[in-house]
Amino acid sequence: MSQPTAADIARAIRNVPDFPKPGIQFKDITPVLADARLFAGSIDLLTENFKPGSVDAVVGIDARGFIFAAAAALKLNAGFVPVRKKGKLPYQTYEQSYDLEYGTNTIAIHTDAVKPGSRVLLIDDLLATGGTAAAAAALLERVGAKVLEINFLIELSFLPGRDQLKGYPIRSLVVY
Ligand code: AMP
């Protein structure tokens, strides 16, 4: 199997207009996941700056971020840590709220999810306004992690997501 490029992955991403509400162009990654070569290739590209053992934990954001982060964790011989929507994690948590177009959202991490000083890679499927990733990065600072990179399969560059993540190395495979 030849190694897929980011362009190959881009071709498989399905645009679904007006989901989950009118005006949103939803980027559906399920065709990437369903294709063994593209799924493995996306994990190779998301982790290409790191050798196994150089990362303590890969952190994934609820819910599609889990898929990529868990696979990346196995590849890097690192642990997997979930950042979840408020109310889902069973143990003690830190919470972080961020603004949405209408209202706010809150995400959480277990207080003992990583040891202070841990080297972590944060992954989500898509960077839009950056609120979600910035809140996740804030939670990681709170537990004392060192965020090595924040990676996305997809970036919507017409939104100011990167502005919210200043100070962190950001990588995205497919940019719209
Ligand atoms: P944001 O906080 O605005 O950067 O939004 C990022 C989060 O919302 C990610 O976890 C994405 O899964 C999801 N998301 C936002 N916009 C889209 C979109 N157009 N297509 C698919 N997922 C999206």
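Both ligands and their constituent atoms are indexed starting at 1 by order of listing. The basis for the numbers below is simple: all heavy atoms, side chains too, and nothing from hydrogens, waters or symmetry mates.
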I'd like the atom pairs linking ligand 1 to the protein - N or O on both sides, separation under 3.5 Å - with distances to 0.1 Å.
residue  : atom   : partner : partner atom : Å
ligand 1 : 2 (O)  : Gly131  : N            : 3.4
ligand 1 : 2 (O)  : Thr132  : N            : 2.9
ligand 1 : 2 (O)  : Thr132  : OG1          : 2.5
ligand 1 : 3 (O)  : Thr129  : N            : 2.8
ligand 1 : 3 (O)  : Thr129  : OG1          : 2.5
ligand 1 : 4 (O)  : Ala128  : N            : 2.9
ligand 1 : 4 (O)  : Thr129  : N            : 3.0
ligand 1 : 4 (O)  : Gly130  : N            : 2.7
ligand 1 : 10 (O) : Asp124  : OD2          : 2.8
ligand 1 : 12 (O) : Arg64   : NH2          : 2.7
ligand 1 : 12 (O) : Asp125  : OD1          : 2.7
ligand 1 : 12 (O) : Asp125  : OD2          : 3.3
ligand 1 : 19 (N) : Gln25   : O            : 2.9
ligand 1 : 20 (N) : Lys27   : N            : 3.0
ligand 1 : 22 (N) : Arg64   : NH2          : 3.3

Within this structure, what is the OH-CG distance for the pair Tyr176 and Asn15, rounded to the nearest 0.5 Å?
7.0 Å

Residues in salt bridge (Lys or Arg N to Asp or Glu O under 4.0 Å) with Glu95, at least two apart?
Lys86

Lys75 NZ to Ile43 CD1 distance, which is reported to the nearest 0.5 Å:
8.5 Å

Asp18 meets the side chain to side chain donor-acceptor pair (under 3.5 Å) criterion, sequence neighbours left out, with none

Not counting sequence neighbours, which residues clear salt bridge (Lys or Arg N to Asp or Glu O under 4.0 Å) with Asp8? List them please.
Arg11, Arg37

Looking at Ile61, Val59, Val83, which hits side chain to side chain contact (heavy atoms under 4.5 Å, CB included) with Leu139?
Val83

